[in-house]
Each structure stands twice: as structure tokens, then as C-alpha cells.
Peer 1: 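I'd like to ask you about the structure that follows.
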Amino acid sequence: MIQCDFQHHPVVFLDIDGVLNHIGCKEETDFLPEAIQVLNELNKRNCWFVLHSSWRTAFPLRLIEQELLKHGFQGFLLDKTVEYIGKPELKSFTWNSLEEMETHPIEEEILQYIRLYDIKQFLILDDLPFQTPLLSKHQVQTSYFDPQNGGLSIRHLEQCLKILKKKEENH
């Protein structure tokens, strides 16, 4: 368990595929310059970054952070969410079954993290639509499958900043 004061730092829950890249990128690690620029703007606002991408189970956190730094990221990855091991029916899923589920495992992981650290101010960057009301109103949804407008871009910055102004008193 990390020891941090989350009361003075907004948390950005960061996905990678569909946020930092899209289907038009040659490699998964061809992070979009505009996406990195938005992350740097959020970093200037004292945000802490927590990785919730599936990458967190495949690669060490510091290796992912190094890849971000190579692309100009000026912050650091504080932590990663823990893989959800709750209800067996939520452990495995298919992309087609997402609409049928009440909550996606990623949502459960973020909810657990928010509750564990009593986080009041947060933003979620992800290309999957979140269903949980507490989370969906804090999400900026991007697109993986749109090679022209996919990924995080400067047009999302205003929405990100607006969400970060919110504080949740009840979860």
C-alpha cells in the first residue's frame, strides 16, 4: 500500500490503448504527441497518474513510465490499480459482452482504488465507455478505432480540466 496524501492531488486514471495511441499508429508504443501534451498539461496541475491499462499486468510500471518519458511525458506514474479478482463472471469477458455487464472489471479496480485511498478528485482517461455513474461522470472517453480523431487530443483538455474541478464527497 502506498503512502500518499490524495487530498491535495487530483488522480488521473490512465489507460494506454485508445488514449495514447489508436488503430492508425504503426506500433502500440507510437504514443500520440497531442496525448502526451495533454498529460503534461494535467501534470502541471499537480495531478498524480495511476495506470489502469491492461499494460500494467504485462509490463513493469517503471518500464511503461520510461516509454512515456521517451515520448516527452514530464510526469511520473505513481501507481497502478490492482487486477480485479472478485466475482468469477467478471474475471473474464469478451468485447461483445461489455454491454451486457453491469460493471466492467476495470471499473471495479478503479472503484476499489478510489475507496482504498479516499480519493475525492479524479479523472479517468479510457476508450471504453464506463457504466458506473460515479465513474462515467469523471471520464473522458477517447477512441481506439478512429485513425483520424482517435486517442487523447488537445480538444479533450477543457473537458479534463472541468472534470478535475469536481470533488466527490460520497462514493
Peer 1: Would a hydrophobic clustering, with Ile, Leu, Val, Met, Phe, Trp and Tyr connected at side-chain separations under 4.5 Å, put L39 with L161?
Peer 2: yes

Peer 1: Are Y144 and H22 an aromatic pair, judged by ring center distance below 6.0 Å?
Peer 2: no

Peer 1: So, the side chain of H71 versus the backbone of L20: is there a donor-acceptor pair under 3.5 Å, distance only?
Peer 2: no

Peer 1: Work out which heavy atom in G75 is nearest to a heavy atom in L69; give both atom names and the distance.
Peer 2: O-CD2, 3.8 Å

Peer 1: Considering only NZ, NE, NH1 and NH2 on the basic side and carboxylate oxygens on the acidic side, decide whether E109 and R56 come within less than 4.0 Å.
Peer 2: yes

Peer 1: Under a 4.0 Å threshold between the charged nitrogen and the carboxylate oxygen, would K162 count as salt-bridged to E158?
Peer 2: no

Peer 1: Please report the interatomic distance OG1(T132) to CD1(I110), rounded to the nearest 0.5 Å.
Peer 2: 9.5 Å

Peer 1: Of all heavy-atom pairs between V38 and S153, which one has the smallest distance, and what is that distance?
Peer 2: CG2-O, 3.4 Å

Peer 1: Aromatic ring centroids of F73 and F31 under 6.0 Å?
Peer 2: no

Peer 1: Please report the shortest heavy-atom distance between D127 and V19, naming the atom on each side.
Peer 2: N-CG2, 4.1 Å

Peer 1: For residues V50 and V82: do they belong to one hydrophobic cluster (side chain heavy atoms under 4.5 Å, members Ile, Leu, Val, Met, Phe, Trp, Tyr)?
Peer 2: no

Peer 1: Do you know which two heavy atoms are closest between Q139 and F130, and how far apart they sit?
Peer 2: OE1-N, 3.1 Å

Peer 1: Would you say L77 and L32 are hydrophobically clustered, going by side-chain heavy atoms of ILVMFWY under 4.5 Å?
Peer 2: no

Peer 1: Taking the six-membered ring for Trp, is the centroid-to-centroid distance between F13 and Y113 below 6.0 Å?
Peer 2: yes

Peer 1: Between the main-chain N or O of E28 and the side-chain N or O of N21, is there a donor-acceptor pair closer than 3.5 Å?
Peer 2: yes

Peer 1: Under the criterion side chain to side chain donor-acceptor pair (under 3.5 Å), I'd like the reasoning laid out for W55 against D15: C-alpha separation, chi angles, the key distance, then a yes or no.
Peer 2: CA-CA 8 Å; W55 286 38; D15 184 26; over 6 Å; no

Peer 1: Using 0.5 Å steps for rounding, measure from the CD atom of E65 to the NZ atom of K70.
Peer 2: 12.5 Å

Peer 1: Which atoms form the tightest heavy-atom contact between N46 and P10, and what is the distance?
Peer 2: O-CD, 3.5 Å

Peer 1: Look at the side chain of H138 and the backbone N and O of F122, then say whether any donor-acceptor pair between them is shorter than 3.5 Å.
Peer 2: yes

Peer 1: Hydrophobic clustering (ILVMFWY, side-chain heavy atoms < 4.5 Å, transitive) - are I154 and L42 grouped together?
Peer 2: yes

Peer 1: When clusters are formed by joining ILVMFWY residues with side-chain heavy atoms under 4.5 Å apart, either directly or through shared neighbours, do L152 and F145 land in the same one?
Peer 2: no

Peer 1: How about F49 and F76: do any of their side-chain heavy atoms sit closer than 4.5 Å?
Peer 2: no

Peer 1: Would you indicate whether the side-chain heavy atoms of S53 and L14 approach each other to under 4.5 Å?
Peer 2: no

Peer 1: Looking at every non-hydrogen atom in both residues, tell me the closest pair between T57 and S54 and how far apart they are.
Peer 2: OG1-O, 2.9 Å

